[in-house]
Q: 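Sharing a structure here in structure tokens format.
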Amino acid sequence: MAKPRIAFFDFACCEGCQLQVINLEAELLDVLDHVDIVTFREAMSEKSDDYDIAFIEGSITRASDIPRLEKIRENATVLIALGACATIAGVNALKNRRTPQENLRIVYGDDGDKFETFPVRPIDQVVEVDYYLHGCPIDKNEFLEMVKALLMGTAPKQWTSAVCVECKLRENECVYDLGRLCMGPISRGGCDAICPAYGNSCEACRGILPDANIPSMVEVLKAHGASEAEIERRFTNFTAIDKLVQEMEQPQ
Amino acid sequence: MSDTIDLNIRIDHLTRVEGHGNIVVDMEAGELTQCKLEIVEAPRFFEAMLEGRLFTEAPHITCRICGICSVGHTTAALRAAETAIGFSPSRQTVQLRKAMLHAEFIQSHILHLYFLAAPDFLGVGSVIPLAETHKDVVKRALRLKKLANDACAVIGGRHVHPISLVVGGFTKLPTVEELQGLRDTIVAALPDVVETVALFKTLEIPHFLRKTEYISLKSDEEYALYEGDIYSSYGVMLPPRRYRHVTNEHVLDHSTAKRTRTAFGTFMVGALARVNNNFDQLSEGAKAVADELGFKTPCFNPFMNNVAQLIETRHCIDDLVAILDDLIATGIVDEIPDPQPKAGRGVGAVEVPRGILYHDYEIDAEGILTQVNCIIPTGQNLSNIEADMRELVHEVIDEPKDQIALKLEMLVRAYDPCISCSTHILDVEFV
Amino acid sequence: MPASKISKDDLKRHLSEKLTDYTLVGPVKSRLAYKFDVISNVDRLEIEYTTTVLPPKKQFMPTVEPLIRFQGDGTAQLPLIPTDRPVALVALHSCDLIATDLIDTIFATAPGDPYYKTRRENAVILGVRCMEPCDTHAFCNAMGTLDQKGGADIFLTPLDHHFLVEPLSKKGETFLAGAALSHSGDEDAQAVGRIANERDKQFRSQEKVDLKALSDAMTTSRDHEIWDELAGECLACGTCNITCPTCYCFDMCDKMELSLVDGERRRSWDSCQLREFAEVAGGENFRGTRADRQRHRFFRKGKYLFDRYDLTGCVGCGRCVRQCVADIDPLEVYQRLLERRSARV
Amino acid sequence: MSESITIPEQTLYLPIPTPVTAVRMLTKTECLITVELDPDRIEPYRPGQFFMLSLPGIGEAPISVCSPPEAYPRLQLCVRRVGKVTAHLHQLAVGSTIGIRGPMGNGVPLEQLKGQDLLIAAGGLGMVPLHALINHIVKNRADYGTVTVLYGAKEPGELLFRDELLQWGSRGDLNLHIAVNIADEDWMGHVGMITTLFQYVSVDVAKTAAVIVGPPVMYHFVMQEIRKLNLPPERIFLSLERRMKCGVGKCGHCQINEITVCQDGPVFSYDQLKTLPEAI
Ligand SMILES: Cc1cc2nc3c(=O)[nH]c(=O)nc-3n(C[C@H](O)[C@H](O)[C@H](O)COP(=O)(O)OP(=O)(O)OC[C@H]3O[C@@H](n4cnc5c(N)ncnc54)[C@H](O)[C@@H]3O)c2cc1C
Ligand code: SF4
Ligand code: SF4
Ligand code: SF4
């Protein structure tokens, strides 16, 4: 069987997710036994338009990104959103809280009009996405599992349970008990609760679960002393674009 | 001879660098009409995102500016925020942060040397063919990289977007046993560093000299990475809060002082600048590496930035071991960070692998960020890269076009530019 | 066997000596909470502690464990569970002892679970009496599990400077061989009685839950408004199940190595509060709402297991309410259900 | 029944490698897989029982017995492609090996059905276990009284076992009624929900048992019709589908009240189900 051909592409992002792939130090060479990486700009000069699986990193932030992404979708059999920027617009979506003009003025002052920008979108708002690899950054082991599943011709696991599940399985002390707030109860897991395991809050970088009980989460945050503004911040770190969150913010 | 030459070079989406950039060179009848490094990376508006957020969020948001320098951004953010609220972290916190930063230097330099730069010298397109032809070399690179990543995992949870580093200290502290384990693995890896030096000794670094100004941090205490004053090889020393004097001259500031400095031309930050400026404070091991690779200060060859990175890799490994020894000897005390907001302004100036990184925050009494400015090293280097490119084109103009293109690419890559970082690139507007 | 005791130092010494033959597992302290962990230095062991994050069940059924190993040649093998060294599981509270009893019953009911049984049989359990409520969440007294000795092989009662020691099985006696035991007189038994009396008053509720009445109350409470109220609060995060000593549901999934031929079929703890738990092909979900799932959770504790095995599925350890960020409290739920029942009767 | 082999606990979760001897597509989404069981390791099965089919690295899925007990040690399984495991089962090649655990569950109480008139109602994939039952009845026709089979499918293309349906229909000793919700051009038969077939049914309440298998929604409507027939609840049998992971009563996924569907079911009398809220 011919090795599947894999390509990586990046849009607006920090390229940390691609770095996580390179960070698979112990497994990288074995992965290369199973697949051909044909495009990976961050790490190689070779390029090709002939690939089976495309991993897309980054958010779409300007009109000129769209045809490029559409072209990739056309070429690829399987298209995977790699990391929070691509799956849920991630930290980039923070900019959507202001108009593009305001953003340009704040950062570039009078030079602002030299740039094109529009409200940030995750890539599934532009093309169809087959699978999601969530996280900011992605978990490199989850990437490996995804590659294995694809090689076996089966659907990769897409998480539907909360971060708390993995957090408790690791036997972490709840960070609420350490006096911090945490979005773990309503956030998509798959990260092995790495942030709470290191004593810090879950910031929902994998997005909020589709059937999350947002009103109750708000109550929990309040009960732990969070102000309205603080709650708003918690809900918008990585999920400013989340439909559920935006609905919550709509005045009743 | 060159006055009859027409030359057109366009390298779109330069590879093996962080972020998207194009090289454009146009020569008509020997006259260089265009010679630039175009930045096509989508702007990301981090400063705008940060305004209105809480100061404690800054490290976790700004590290997302760049995955490769994410510890660097975290550190700059921590330092800016703590300076603004007038908080001094404990010695233990500082030591652990320095260890993280060292690990990032090792990881970033190794990545650049083996994965991004070496393929040029070995005449291949990437590390992937090397995995076939030079399996041992690739494995060694991966081992060294893993070492750095493991260090970050032990101390901060992970390298890309570290977790436990927060304003005030750490949300979780490593145990002495973990630090001891880490120390042992690092020491065991020293032969890999020696091999790396031996490998780079065999590679031929292009000979190209152009005098420029080197800017880095400088400290009386140590080889300045985590903190220090801003120092120029032309002898100027400035406190971090006056960083705009070095960063903003070209476009925004038209003061007399500025014009004087413009007379010096462009400047370089990064490994070469640091090694040039602070050579004496390197570890003995690092000095030996310099010796072995024939590095002499001052060095005006930008291609030698790769060698400077290798020297620093050794320094960071040596110093990391020293820090770990110190932490193991003193033991780890549980501290729960609890920084309180206070109105103020703070500049965090930190050396990251590619040069000085500045974060400048203004915080109100509630701890809300009201003004944010981040200046990244690659933004500072851009003009210098272009100045080098212009001179290099003239030197190599007689070579075949693909050779010229390759040399230009190698030059740009030698700077290890990190274009994703370029949130503020337009301070040096030239597109 | 006459009542005996051992000084606290001697017990420590004895445990330390046992390290040569036994793998010692007991509570250790992390930052604020305790957890069961392998102990190589007895100084780390905290015999008097507040209930752990996860229950000791993880000792017999790890949170993730391989059930099958696949081999390149297409065959499947059973992973070996090493039993060369017995495990001494130290300082289980009464609630955890009773919970262990319950899971023993279920995982030994034909067909028995070989992995659980192997580990369980390989372990000697040292129970320890709680001399004060471990915190304000526990309600073991209300569930009737306080002071129970359940599946323990040895039961310890801490007094000022020594422990009363009751061996309860052959395994327990073997473990105690060579320990510096001395005779314990009536005054010790009286002291225990006195302390217990004081202790009982400190629990947050003094009332005992009538288990039979609770099961009956549940039978008529399917449409109680409480389920919707709980659904409003519950975040479906699964914490309550994962931390419960009597929950044993698991998921199974395969994890292959990069060779794609070698690999494992693993089971990992699961939670009935998660949306997908009861979903089948075609999208049908038999407990699609949080209300359905909360009801299932509590019925399982108070009714299903009781009806089937005559055991309480809730031992009052308080782990779930302690760790539920939405503060959902089983005791309150039971009381509400019982209230309506008594209002009706 | 032959003497049962007790599964040693040690091999509770261990799939037995079993050769695939035939694979045939029945419809666009269902295929029929035939395997040869190892009689030393896998005991005979009954209609209504199921097996766990296992593929290394992909997972396991509970699949009903589709062939009559008489076929043992041959076993047929009819699989609808809905997800991971089932998709891979569709790609099986003759000569390959799959892992099998089972038989599991109680199965249809054949002893109780003996001598009775039978009303059998199959909705969609529910025909799979009932195919095993009907074939058993056909092979032992004298043991049963009048047999009526109602079969409802969404559309003609989804009808399973079309050849056999023809045979059954032409036997004369089986009353077979088929309904499709949506007809196509070639469909000459009845159009409507399976419930509309009850107009053809008349039963002798004194000696009729009913066996019903179908998707959850179907139970709701079919039970309304069945109740009209006044059959005693203990002579009405239904098979339930639930999520299952272990198949041996441990994993908790298929629990309804105090019972587990995999161990105490999947076949239940209506009598039992009445006291099991949530069951249907
Ligand atoms: C007793 C019993 C007998 C069955 N008999 C047959 C049969 O004869 N033929 C047939 O085609 N199907 C049968 N099924 C259904 C079959 O088991 C599921 O379709 C199959 O497990 C789906 O697995 P998958 O890996 O292909 O799907 P997945 O990719 O895992 O998921 C697809 C969908 O199937 C659901 N699902 C996953 N696992 C299970 C599971 N273990 N049980 C039920 N649903 C699940 C998921 O919720 C999801 O909606 C039976 C189910 C039961 C409980
Ligand atoms: S998801 Fe996070 S780590 Fe990945 S590219 Fe985006 S910002 Fe970087
Ligand atoms: S720390 Fe966060 S993820 Fe972990 S249990 Fe607590 S709320 Fe859940
Ligand atoms: S722990 Fe609390 S919030 Fe989480 S699932 Fe259980 S009851 Fe719901």
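The chains referred to below are lettered A, B, ... by the order of the sequence lines, with proteins before strands, and numbering in each begins at 1. Predicted model only: the values in this text are computed from it and were never measured.
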Q: Pair L29(A), K135(B) - check side chain to side chain contact (heavy atoms under 4.5 Å, CB included), show working.
A: CA-CA 9 Å; L29(A) 292 176; K135(B) 199 162 199 141; 4.2 Å; yes
Q: Does the side chain to side chain contact (heavy atoms under 4.5 Å, CB included) test come out yes or no for E203(A) and I163(B), once each step is laid out?
A: CA-CA 11 Å; E203(A) 299 181 273; I163(B) 296 161; over 6 Å; no
Q: Using a 4.5 angstrom heavy-atom cutoff, name the option from I368(B), I128(B), L142(B), V138(B) with the most pairs to chain A.
A: L142(B)
Q: May I ask you to decide if C136(A)'s main-chain N or O and R64(B)'s side chain share a donor-acceptor pair within less than 3.5 Å?
A: yes
Q: For chain B, find its close neighbours in residues 188-200 of chain A: heavy-atom separation under 4.5 Å, sorted by number, or none.
A: I194(A), C195(A), A197(A), Y198(A), G199(A), N200(A)
Q: Taking I37(A), L94(A), L24(A), D36(A) one by one, which has the highest count of heavy-atom pairs under 4.5 Å against chain B?
A: L94(A)
Q: Picking from R158(B), Q107(B), Q371(B), H159(B), which has the most non-hydrogen pairs under 4.5 angstrom with chain A?
A: R158(B)
Q: Output all residues satisfying ring-ring contact (aromatic ring centres under 6.0 Å, His included) with F55(A), sequence neighbours left out; order by chain, then residue number.
A: F8(A), F143(A)
Q: Could you pull out all residues at least two apart from D52(A) that satisfy side-chain hydrogen bond (donor to acceptor under 3.5 Å, both in side chains)?
A: none
Q: For S164(B), which atoms come within 4.5 Å of any heavy atom of chain A: side chain, backbone, both, or neither?
A: both
Q: So, taking the atom named CZ in R233(A) and the one named CZ in R53(B), what distance separates them when rounded to the nearest 0.5 Å?
A: 6.5 Å
Q: Looking at CD of Q20(A) and NE2 of H161(B), how far apart are the two atoms once the value is rounded to the nearest 0.5 Å?
A: 8.0 Å
Q: Distance check, rounded to the nearest 0.5 Å: N149(B) atom CG versus L19(A) atom CG?
A: 7.0 Å
Q: If I take atom CG from residue L28(A) and atom NZ from residue K139(B), how far apart are they, to the nearest 0.5 angstrom?
A: 12.0 Å
Q: Side chain to side chain contact (heavy atoms under 4.5 Å, CB included) for K146(B) and N23(A)? Distances and angles first, verdict last.
A: CA-CA 7 Å; K146(B) 180 164 189 326; N23(A) 282 351; over 6 Å; no
Q: Could you check if a side-chain atom of K145(B) sits within less than 4.5 angstrom of a side-chain atom of I22(A), using non-hydrogen atoms only?
A: yes
Q: Using a 4.5 Å cut-off on heavy atoms from C-beta on, say whether the side chain of E15(A) contacts that of I68(B).
A: no
Q: Quick one: ring-ring contact (aromatic ring centres under 6.0 Å, His included) partners of H134(A), sequence neighbours excluded?
A: Y132(A)
Q: Pick from V166(B), L54(B), I336(B): which one has the most heavy-atom pairs with chain A under 4.5 Å?
A: L54(B)
Q: Do V91(A) and H60(B) touch side chain to side chain, with heavy atoms closer than 4.5 Å?
A: no
